[in-house]
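Scroll down for the structure; my scribbles are underneath it.
A quick note: this is a predicted structure, and the numbers were derived from the prediction, not measured. Letters go in sequence order (proteins before strands), and every chain restarts at 1.
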2 protein chains.
Amino acid sequence: MLAAERHAIILERLDQKPTVSIRALTEQLGVSRETVRKDIELLAQHNKLEKIRGGATKIRTSELPITSRSKLNIQGKSLIAQYLASQIPNGASLFLDNGSSVLALAKALTHHSGLIVYTNDLKVAEVIAQATVELVIIGGKVDVTEMAVQGVEALESVARYRADFAVVSAGGLSPSAFLTDFSREASSMRHLMLSQAQHPIMLADSEKFGVVGHVVFKAPPKPTRIVTDIAPDDEIRRAISQRGYRLDIASEA
Amino acid sequence: MLAAERHAIILERLDQKPTVSIRALTEQLGVSRETVRKDIELLAQHNKLEKIRGGATKIRTSELPITSRSKLNIQGKSLIAQYLASQIPNGASLFLDNGSSVLALAKALTHHSGLIVYTNDLKVAEVIAQATVELVIIGGKVDVTEMAVQGVEALESVARYRADFAVVSAGGLSPSAFLTDFSREASSMRHLMLSQAQHPIMLADSEKFGVVGHVVFKAPPKPTRIVTDIAPDDEIRRAISQRGYRLDIASEA
DNA sequence: CGTTACTTTGCAAAAGTTGGCAAACAAAAT
DNA sequence: ATTTTGTTTGCCAACTTTTGCAAAGTAACG
């Protein structure tokens, strides 16, 4: 049994259950307790899981790494992506922040042409490159778990540009806390992008409804449209309209 | 059993499972452990699979779309990469510019840890991310054909950092024109990186010998080491030593 | 002959195992 | 509640096995 196989199995177990025990893995993998411990230690260092006494559990800090998180509500995200892509003309300039919803949009935009794109997400850059006439990477320190650039240096760079559109994603959308996020730095980035664009757009697929992140999102500029895949409940709708934002539902287009 | 058959079988196994072990293959192919190892080694060099301890796995990222020239002299580039990787300690800081030689180095560095990396190449960033404690992307306009950031804005960013090592690649190395490049912008970037590092290193695999690009490379800072895979001819050696640079040949290490 | 392809051998490094012990935890007893 | 007791777990060190790598050897082929 190769080390890589064991690692794959451990992570697979964690996709199904929230936790795995070292004891169980020892039997199922047919290796010693210490080996399983070392595997978990290694995976924990790579942020693939979290080490707990006697076993391991899924990552819970902030958001899940992009690979697993992006499995959530794929249809919803791509519905939003198709909807928005049809509204963005060839040759438009746009800010794209990081996140799986935005990545879905980038994929939907691959057949556009002449776009001018500013992004801090390396995956987004990779995907959208062919559709651009100008692609600008926001420079700075990279958050390796997200493969996205964050931090003050990145903010300074963003401040140097303006664009027709800014498309950013929300960490959570709830009636009481309204828009929230899981990272201070990502939140600042998103807010600045919105401010620098003529048409600021915030994505919140239905997975985000009722989710409250630990960072409150500073009120976005007023023309910001909040785009969802399906209609949220009345409480959320009220929260949005009371604050003066426009709600846009992709499935009703 | 022909070598080509074995290769086909190995790749077929990998289509079904995510990993194969050398042990299993030795039995199924009826050849020795070493032969299987060499098969895997060969396939890995051609980016058909990824070598892991005890076996092989599928290629993970969508790294396949590489520019035509990166297929040239794969062995040479990886020889240089292995040689340099052994000289770079864990925790070192380094500039990495864009180019297939540097990408090969990045791959060779994936098992290092604690690196601090500044790069303008998106593929390099993707490959080396796991080995870094800090990864900084140089921001600016992306040259889509290279997936690398170039331009004045990028130069300004690089100027803000210093590092232990700078590893950049040469476009050409000839007796008369000496170091040359094919892009003005890339050339400036490489030169600046070399100037900002304590140990500047220039890569020129044997494919570059005798090649003259249309941009003359401004004389690099003096401690710059020029690293090649095999010994260049006497004329080139003379050109290097006359100008006061040190030549380092990976195959003679 | 030399060349090519594979095997064998030897050794160092890495991965994995085993066993011991102390800390953490849980249950029972005071 | 607090202590006691027993079990589990984490961690370390010594040991064994596996693997990678290089060098030398062997066999087939032109």
- Item | Listed nucleotide nearest any side-chain atom of B:Arg33, set C:dT17, D:dC21, D:dG10 |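 Nearest listed nucleotide: D:dC21.
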- Query: Closest to the A:Thr35 side chain: D:dT9, D:dG20, C:dT17?
  - Reply: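 Nearest to the side chain of A:Thr35 among the choices is C:dT17.
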Before accepting this row, confirm whether a basic side-chain N of the pair [X]/[Y] lies closer than 4.0 Å to the acidic partner's carboxylate O.
| X | Y | value |
| --- | --- | --- |
| B:Lys51 | B:Glu41 | yes |
| B:Glu235 | B:Arg238 | no |
| A:Arg37 | A:Glu34 | yes |

In whole Å, what is the span from the [atom1] atom of [X] to the [atom2] atom of [N]?
| X | N | atom1 | atom2 | value |
| --- | --- | --- | --- | --- |
| B:Ile22 | D:dT17 | CD1 | C1' | 16 Å |
| B:Arg53 | D:dT19 | CZ | P | 8 Å |
| B:Leu29 | C:dT7 | CG | C1' | 15 Å |
| B:Ile40 | D:dC21 | CD1 | P | 11 Å |
| B:Leu25 | D:dG20 | CG | P | 12 Å |
| B:His7 | C:dA5 | NE2 | P | 10 Å |
| B:Leu79 | D:dC21 | CG | P | 13 Å |

- Message: Is it the case that atom CZ in A:Arg184 sees more than 12 heavy atoms from other parts of the structure closer than 6.0 Å?
- Response: no
- Task: Could you check A:Gly54 against A:Leu2 and say which one's nearest nucleotide on DNA chain D is further toward the 5' end?
- Result: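 That would be A:Gly54.
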- Start at the 5' end of DNA chain D and walk down; is the nucleotide closest to B:Arg23 or to A:Ile52 reached first?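 Of the two residues, A:Ile52 wins.
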- Task: Indicate whether OP1 or OP2 belonging to C:dC6 is found under 4.0 Å from a side-chain N or O atom of B:Arg6.
- Result: yes
- Ignoring backbone atoms, test whether B:Lys51 places a side-chain nitrogen or oxygen under 4.0 Å from the OP1 or OP2 oxygen of D:dT19.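 Answer is no, no contact under 4.0 Å.
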Each nucleotide N or O in nucleotides 22-30 of chain D that has a protein N or O under 3.5 Å away: list the pair and distance.
{"from": "D:dA22", "atom 1": "N6", "to": "B:Glu34", "atom 2": "OE1", "distance (Å)": "3.2"}

- Message: Which label fits B:Phe165 and B:His199: parallel for a plane angle under 30°, tilted from 30 to 60°, or perpendicular past 60°?
- Response: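 Geometry flag for B:His199 against B:Phe165: tilted rings.
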- Centre of B:Phe178's six-membered ring, under 6.0 Å away, within 45 degrees of the axis: is that where NZ or CZ of B:Arg243 sits?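 Geometry flag: set, cation within 6.0 Å and 45°.
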- Message: By nearest heavy atom, map B:Gly30 and A:Ser32 onto DNA chain C; which one lands nearer the 5' end?
- Response: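 Its nearest nucleotide being more 5', the pick is B:Gly30.
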Under 3.5 Å, which protein N or O atoms sit close to an N or O of nucleotides 5-7 of chain D? Give each pair with its distance.
none

- Do you know which of B:Ser101, B:Ser206, B:Ser78 makes side-chain hydrogen bond (donor to acceptor under 3.5 Å, both in side chains) with B:Asp229? B:Ser206
- Item | Under the salt bridge (Lys or Arg N to Asp or Glu O under 4.0 Å) test, residues paired with B:Asp39 that sit two or more places apart |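 By the salt bridge (Lys or Arg N to Asp or Glu O under 4.0 Å) rule, B:Asp39 matches B:Arg6.
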- Polar contact flag, side-chain donor to acceptor under 3.5 angstrom, A:Asp143-A:Gln150: no
